[in-house]
Amino acid sequence: MVIILKMTTACNGTCVYCSAYKEKPQHLSVEVARRVLGLAAEYLRADRRGHVNLILHGGEPLILSRRFYATFDKLMDEQLGALRPRLNVAMQSNLTLLTPAKAAALGPVLTRPIGTSYDLYPEVRSIRGNRSLDERWYRAMHVAREANIDTGVVYVVHRKAVRDTEKVWTFFRNHPDISSVRFNPLYAEGRGKCDEVADLIITAEQWGEFLIRGWRMYELDGFRPSFAPFSEFFAAHIRREPRRMSCAHKGRCHDTHLGIDPDGSIYNCGRWSDTQELCYGTVFDLGIEEIEQSPVRRKLGERQKVLSEGPCKDCQWWAYCHGGCPNDAYLEHGTVDAPTRWCAGTLAFFEQCLRPLGDPIGRGSRDR
Amino acid sequence: MMHVNDYTLNVPLPLAVARGQAATTDGHALHLRVEDTGALVKANDAIPWQRVWEITGPTIEDFALLTAYHDRARWNLWWKRFDVGRLLDLAPSLRRRTVTVLVAPDDPDLHEKLLLGDSLSLRMAVPLTDPDSQNLEELNRVISYVLITGATRPVHMDPVSSMVATAMGHQDLTLWDFADENVHRNLFVDDAGQVSLSARHLTTHPYGPLGELNLEDMERGTSYQRLSSYAQELFVSRSECATCRAYPLCGGWLRYVDRGYDCEVWHLVLTALLEAVGATERTRKLTRHR
C-alpha cells in the first residue's frame, strides 16, 4: 500500500506548471495525521506481511515546522507501535527549505529517500522572491548528504526538454549529486492549465519522441543510469520483471494507492487529490475496509477489464502499460475507461525501441 | 591511492626529510619526488617510511640498484633509454603490482615502449600533467589497444586503463585524479616548500608555505574554494561541460585553467572510449538476459 499524504498545499516554489497549486493553502492537522497513521496501522494489522509506503507530499512538505515533524514522529509511535518498522516513509520536496535542523527533525521520520524536483531551465522552476532555486537546492543537497538522507530527482518533461532530450539526459547523467531520476510527462493540471504554460505542454507524440531519444541515450550508456521509466521498461522487457514498473504502468493503483489531502479527504492517489475528483470520503468517516470497498475504487478496478476487452484488446504491449495512468485518461477523455493520453507516443516507443530487442511479454505475465 | 588522512602530499625528497617540515606533513601519505637516487639512499634514516606511499623519479635502471627499498612504497619509474635487452633483464623486478613504468608523452619510441612493456606484463603509464601533455593520436591508439587486448587478458596502460575502469563504473575517478589534481586528495609542494594543488597551479592557486600549512585555513581559502566549487559551478551555470558526453571522464578538467580551451579532439577520444564501453556493457546485459 502506498499512501501519498499531502502535508500542505502551500509551497515556496513558483513552478509554472505546478499540478498541485491551490489558491488557499492548507496544512495537515495533527488530527488528520493521527487518523492517517491509524489507517496505516489498520492496514498493517489486516495484512501481516504487507508494508505501507507513506510519501509525504505537497505543496512543499518542508514548509511545516520541525516541531510538527517531531509531533509526527511521536504520532507514528503512538499509532503504529510495534508495526512501525513496516511503515516506510519517503518525501517529495523541492528541498530548498532543508536546513541542518530540519534534517535532524526529519531523521527519525524518514526511512526512504527524498524525491526532489529539479530542472535545467530556471525560467520553468523558481522560488518566491526571485531567489535562486539552484543555490538553495545545492545547499540543501549538501545538508541531505551530511544527514545521510538519500535523494532522487523527479523531472517533469515539458516541450523544451523534449527539444533538448540528449542535453537533459546528459546533464543528469553527469551530475555528481544525482544518482536516480524519474521522468514524468507534463500534464495540464493546476497551474498547468493556464495559457502561459501552453507552450510547455507536450503531446503524446512528443512524449513518445522523448522516450525514443532517451532510450537511445540509455543504450549509449550501456543501460546503466537509474533513470525511470527507461530502467523500468528495461527490467520488464529484457529482464522479464514487470513488477518493477511504476504505478502508471502496472494497472493496480486501485489496489495499491491512496492519496490523502491535508483536510483528510481520500482519493485514489496524489494526482486525484490535485484533480479533486473521485473522492472516497474522509479519513474520519472511512476505515481500510470501507476504502477497499469504495465504489470509486471498484470503478477504477473495473478499468482494467474495460480496457483489456475494449480499446486495448489487441495491444501486444498491454503488460507494459495496462492502459496507463487512469488520471491521465480522465484529464484527456473525461472518463477513466479510456487509455492514457500518452498511448500513441508510448506505443511508438515500444515498437521502435523495445520491439527490436524481442517480442513483448504476454498479458498477465509475472516476473521470471 | 591510499590516503592516510585526506591528502597525499606530493613532495620533493629533501623537503620530506628536512627537519621541521615533518610535523606539518603528519597524517598525510607522502608521494616523494626523487631526482637523485643516491640522495634517497643517503637520506634513508631520515625518511618517514611509514608514511611514504609512492615514489616517482628513479629510472628502471636505478630501481635495480634499490633492491632493499622495493617493498617500501609504490614506484613510478622512468623508462628513458630504449634498450630491449636491458628491459628484458629488468622485467622480473618490474613485474610487480607496486611498480609502474613511465614513458614520457613526447618519447619518440612511445608506442613501441608501451606495447613492449605490456607484452612483458608491466604496468605502463604516460603521465598526465596538463591538457596538452598527451599525444592524443597515440592516446586513441592506446584506447583501442586496451579495449581490444584487455578483453582477453589484463592490460595496464594509464591513463587509459583508469579511464576504462571509470567508464565501466568500477570507480568514479576523472582526469583530475589521473593528473593527481583531485582538490580533496592531492597537495603539491615545490622545491621551495610552496603548497598548491599541482605544479601547474603553483602561481594561480597557491595554498601557502608548507611550514605554515593549516588544512582548515587552506580549505577556507580562495584558491581551494574556487577549485572545490568548480564542479557545482559548471552545473549551476549550465555550462557546456555539464551537458558534455565526455564529462564522466573529464570532470571539467580540460577547461579549468582556460575556459576557452579547444577540447574537441579530447572530446572525440573520450566519447569514443565511453561509447565503446557502453556498447560492450549493452551487449553483455542483452546477452545475459536472453
Side-chain angles (χ1 to χ4, degrees), chain A residues 118-125 132-142 145 153 160-161 164-179 215-226 230-231 234-241 353-354 356-359 361 367-368, chain B residues 147 164-177 182-184 225 227-255 267 270-290:
Chain A
Y118 188 71
D119 206 312
L120 276 76
Y121 304 89
E123 66 274 23
V124 172
R125 296 182 62 82
S132 159
L133 182 142
D134 262 10
E135 190 192 316
R136 286 169 166 248
W137 189 82
Y138 278 98
R139 203 184 310 149
M141 285 294 274
H142 179 74
R145 251 196 324 272
V153 161
K160 289 181 183 187
D164 298 335
T165 303
E166 291 75 14
K167 191 173 150 187
V168 170
W169 181 280
T170 309
F171 181 88
F172 286 117
R173 183 205 61 166
N174 290 348
H175 205 296
D177 298 325
I178 297 171
S179 55
W215 184 265
R216 300 290 173 231
M217 302 304 287
Y218 188 49
E219 284 183 324
L220 268 182
D221 289 333
F223 300 127
R224 193 187 306 153
S226 180
F230 304 96
S231 48
F234 179 86
H237 192 58
I238 308 299
R239 287 162 43 188
R240 302 310 212 204
E241 294 173 354
C353 300
L354 302 191
L357 301 176
D359 289 333
I361 54 177
D367 283 5
R368 185 161 60 182
Chain B
L147 289 174
V164 171
T166 293
M168 292 175 77
H170 296 164
Q171 57 182 29
D172 57 1
L173 307 183
T174 65
L175 296 182
W176 289 98
D177 300 275
N182 183 323
V183 66
H184 304 294
Q225 287 296 324
L227 282 157
S228 62
S229 61
Y230 175 62
Q232 183 174 315
E233 218 181 278
L234 292 178
F235 287 89
V236 172
S237 64
R238 316 289 194 261
S239 72
E240 268 184 50
C241 295
T243 52
C244 173
R245 294 292 297 165
Y247 186 84
L249 290 175
C250 167
W253 181 79
L254 292 167
R255 285 192 169 174
H267 175 85
L270 298 181
T271 50
L273 186 153
L274 286 165
E275 281 177 20
V277 170
T280 310
E281 198 170 345
R282 193 163 67 233
T283 309
R284 187 175 54 78
K285 286 181 180 168
L286 290 176
T287 313
R288 190 171 61 190
H289 296 292
R290 286 290 174 205

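All values below come from the heavy atoms of this structure, side chains included, with hydrogens, waters and symmetry mates left out. Quick note on labels: first sequence line is chain A, next is B, and so on, each numbered from 1.
With a threshold of 4.5 angstrom between heavy atoms, A:Phe172 does not approach chain B through any atom at all. Contacts between A:His142 and chain B at a heavy-atom distance below 4.5 Å are absent for every atom of the residue. In this structure, chain B has heavy atoms under 4.5 Å from both the backbone and the side chain of A:Arg224.
None of B:Arg282, B:Lys285, B:Arg245 except one satisfies the salt bridge (charged side-chain N to carboxylate O under 4.0 Å, His left out) rule with A:Asp221; the exception is B:Arg245.
When each of A:Leu357, A:Thr170, A:Asp177 is checked for heavy-atom pairs under 4.5 Å with chain B, A:Thr170 comes out on top.
Within a 6.0 Å radius of CD in B:Gln225, other residues, nucleotides and ligands contribute more than 12 heavy atoms.
Between A:Asn174 and B:Pro248, the closest heavy-atom pair is OD1-CD, 3.5 Å. A:Tyr118 and B:Arg238 make their closest contact through OH-NH1, 3.3 Å (heavy atoms, listed as atom of the first residue, atom of the second, distance).
Note that CZ of A:Arg173 and OG1 of B:Thr243 are 10.5 Å apart. Values are rounded to the nearest 0.5 Å.
Taking the six-membered ring where the residue is Trp, A:Phe171 and B:Phe235 present perpendicular rings, their angle passing 60° and hence far from 30°.
Of residues 134-141 of chain A, those residues lying under 4.5 Å from chain B by any heavy-atom pair are A:Asp134, A:Tyr138.
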